Structures are given as structure tokens and as C-alpha cells.
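Dropping the structure in here first, questions after.
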Amino acid sequence: QVQLVESGGGLVQAGDSLRLSCAASGRTFSTHAMGWFRQAPGKEREFVAAISWNGGTTSYPDFVKGRFTISRDNAKNTVYLQMNSLKPEDTAVYYCGFHYSGEYYVQNSYAYWGRGTQVTVSS
């Protein structure tokens with residue numbers, strides 16, 4: 001079992017920055033890729049970012065490229081999501097996921113999920 005706990009969400013204004021953290025339990029963290037997804041009210045959960053087990057590969061959808069950066073610290077069992085130039089459309093609950101197998105952008109590729117942290121961006 002792996003437990004994931006997200007933190008760092010909040011209410012910010014458009015153009016501001018936030019850094020989300022996801023702390024993982026278990027010794028297998030450092031051998032698995034991790035990802036971030038988000039879900040806005042009335043919408044499906046969507047892929048935001050992913051990072052390989054050693055941080056050597058990252059992946060983003062076009063709508064966050066150049067604004068969001070995913071990183072990880074395997075010594076701390078933590079993955080981060082730095083979000084800059086936030087927009088009102090970034091408002092959502094952000095979830096981190098523990099990748100098991102498959103494409104990074106597919107939800108079913110993740111075996112465990114955190115409970116999420118709310119990010120609200122006002123205009």
C-alpha cells in the first residue's frame with residue numbers, strides 16, 4: 001500500500017504562483033513515476049504532469065507547458081508541482097497519483113491516489 005497526501009493548495013489571484021506537494025509513504029516511491037491530475041467542478045479528471053522515477057523524464061499537456069513544473073525528491077518521498085502564471089481556468093482539485101503501468105496521461109495507469117488539494121484562482 002502507498003498513501004499519498006497532497007498539500008499547498010489555496011486561493012490565489014490570476015498571475016500568482018503556488019507549489020503543491022505530495023508526500024508518499026512506502027519504500028517503493030523512488031522506483032515509480034508519479035503524476036498530477038486535476039478535476040474542476042462538472043468536468044472529468046485531466047492529466048497535468050508526470051515525472052519518471054529518477055526525475056529524468058517529465059511530461060505535460062500543452063495547456064500547462066511553460067507554466068507548470070513537476071519535480072521530485074526521492075530522499076523525502078515527495079513530488080512537487082510548481083504552478084506559475086495561474087489562470088482562473090486552473091481552478092480545480094489537484095490530485096497526485098502513484099504510477100503503476102501504462103501511459104502517464106491515462107488515469108488507469110495509476111495505482112494509488114491522494115485525496116486532493118483545492119486550488120482556486122480568482123480573476
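This is a predicted model, so every value here is computed, not measured.
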Are F29 and Y80 linked, directly or through other ILVMFWY residues, by side chains that come within less than 4.5 angstrom of each other?
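In one cluster with F29: Y80, no.
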
Could you give the distance from NE2 (H99) to OG (S52), rounded to the nearest 0.5 Å?
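Going from the NE2 atom of H99 to the OG atom of S52 covers 10.5 Å.
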
Answer yes or no: is there a donor N or O on one side and an acceptor on the other, between the side chain of T91 and the main chain of V121, under 3.5 Å?
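Yes: the side chain of T91 pairs with the backbone of V121.
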
If Ile, Leu, Val, Met, Phe, Trp and Tyr residues are connected whenever their side-chain heavy atoms lie under 4.5 Å apart, and connections chain through other members, are Y60 and Y104 in the same group?
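Unlinked, Y60 and Y104 end up in two clusters.
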
Could you check whether any side-chain N or O of N74 sits under 3.5 Å from a backbone N or O of W53, counting only pairs where one atom can act as donor and the other as acceptor?
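Indeed, once roles are kept as given, a pair shorter than 3.5 Å links the two residues.
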
Counting N and O atoms only, with roles assigned by atom type, does the side chain of S25 sit under 3.5 Å from a partner on the main chain of V2, one being a donor and the other an acceptor?
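No: the side chain of S25 does not pair with the backbone of V2.
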
I need the minimum non-hydrogen distance between S109 and G102, along with the two atoms involved.
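What the structure gives for the nearest pair is OG-C, 3.4 Å.
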
Please check if atom CD in Q39 has more than 12 non-hydrogen atoms from other residues, nucleotides or ligands closer than 6.0 Å.
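For Q39, atom CD is crowded (more than 12 foreign heavy atoms under 6.0 Å).
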
Could you check whether the rings of F37 and F47 sit parallel, tilted or perpendicular, using 30° and 60° as the cut-offs?
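If you compare the ring of F37 with that of F47, the planes turn out perpendicular.
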
I'd like to know if Y105 and F98 are part of one continuous hydrophobic network [Ile/Leu/Val/Met/Phe/Trp/Tyr, side-chain heavy atoms within less than 4.5 Å].
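Result: no, two separate clusters.
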
Under a single-linkage definition using a 4.5 Å side-chain heavy-atom cutoff for Ile, Leu, Val, Met, Phe, Trp and Tyr, are Y110 and V93 assigned to the same hydrophobic cluster?
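Yes, because Y110 and V93 connect within a single hydrophobic cluster, where side-chain heavy atoms sit under 4.5 Å apart.
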
Salt bridge or not between E6 and R115? Use side-chain N to carboxylate O under 4.0 Å.
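So E6 does not pair with R115 through a salt bridge.
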
To the nearest 0.5 angstrom, please state how far the OG atom of S71 sits from the CG atom of L81.
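The OG atom of S71 sits 8.5 Å away from the CG atom of L81.
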
Measure the NZ-OG distance between K87 and S123 for me, rounded to the nearest 0.5 Å.
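Between atom NZ of K87 and atom OG of S123 there are 14.0 Å.
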
Is any side-chain heavy atom of Y95 less than 4.5 Å from a side-chain heavy atom of V48?
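Side chain of Y95 against side chain of V48, heavy atoms only: no contact under 4.5 Å found.
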
Salt bridge (Lys or Arg N to Asp or Glu O under 4.0 Å) assessment of K65 paired with D62
CA-CA 5 Å; K65 278 183 180 177; D62 287 344; 3.5 Å; yes

When you group the ILVMFWY residues by side-chain heavy-atom contacts below 4.5 Å and let the links chain together, are L86 and F63 in the same group?
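Yes: a chain of side-chain contacts under 4.5 Å links F63 to L86.
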
Kindly say whether K76 contributes a backbone atom to a donor-acceptor pair with the side chain of T78 at under 3.5 angstrom?
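Confirmed, T78 side chain pairs with K76 backbone.
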
Between S59 (side chain only) and A49 (backbone N and O only), is there a donor and an acceptor less than 3.5 Å apart?
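No: the side chain of S59 does not pair with the backbone of A49.
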
Looking at A40 and A92, what are the two nearest heavy atoms and their distance?
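Minimum heavy-atom contact is N-CB, 3.8 Å.
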
Could you report the tightest heavy-atom contact between S17 and S85, atom names first, then the distance?
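Scanning both residues completely, I find the closest heavy atoms to be OG-N, 4.3 Å.
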
Candidate pair T69 and M83, rule side-chain contact (heavy atoms from CB on, under 4.5 Å), full reasoning:
CA-CA 7 Å; T69 303; M83 305 186 295; over 6 Å; no

Does Y100 have more than 12 heavy atoms from other residues, nucleotides or ligands lying within 6.0 Å of its OH?
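It does not: Y100 OH has 12 such atoms or fewer within range.
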
With the side chain counted from C-beta on, respond yes when L20 and V119 share a heavy-atom pair under 4.5 Å apart, and no when they do not.
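Heavy-atom side-chain distance check passes, below 4.5 Å.
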
side-chain contact (heavy atoms from CB on, under 4.5 Å) evaluation trace for N84 with F68:
CA-CA 6 Å; N84 299 329; F68 291 9; over 6 Å; no

Could you check if a side-chain atom of L18 sits within less than 4.5 angstrom of a side-chain atom of Q82, using non-hydrogen atoms only?
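The answer is no, as the side chains (C-beta and beyond) never meet within the 4.5 Å cut-off.
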
Any donor-acceptor N or O pair under 3.5 Å, side chains Y94, R38
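Checked: Y94/R38 side chains pair up, N/O donor to acceptor below 3.5 Å.
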
Close side-chain approach of M34 to L4, heavy-atom, < 4.5 Å:
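Yes, close enough: below the 4.5 Å cut-off.
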
Scan side-chain atoms only and decide if T120 and Q118 contain a donor-acceptor pair under the 3.5 Å cut-off.
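There is such a pair (donor and acceptor under 3.5 Å, judged by atom type) between the side chains of T120 and Q118.
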
Measure the shortest side-chain to side-chain distance between V79 and I70 over non-hydrogen atoms and say whether it is less than 4.5 angstrom.
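Yes, close enough: below the 4.5 Å cut-off.
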
Within the distance-only criterion (no hydrogens, no angle test), does the side chain of T117 pair as donor or acceptor with the backbone N or O of G9 below 3.5 angstrom?
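Between the backbone of G9 and the side chain of T117 there is a qualifying donor-acceptor contact (under 3.5 Å).
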
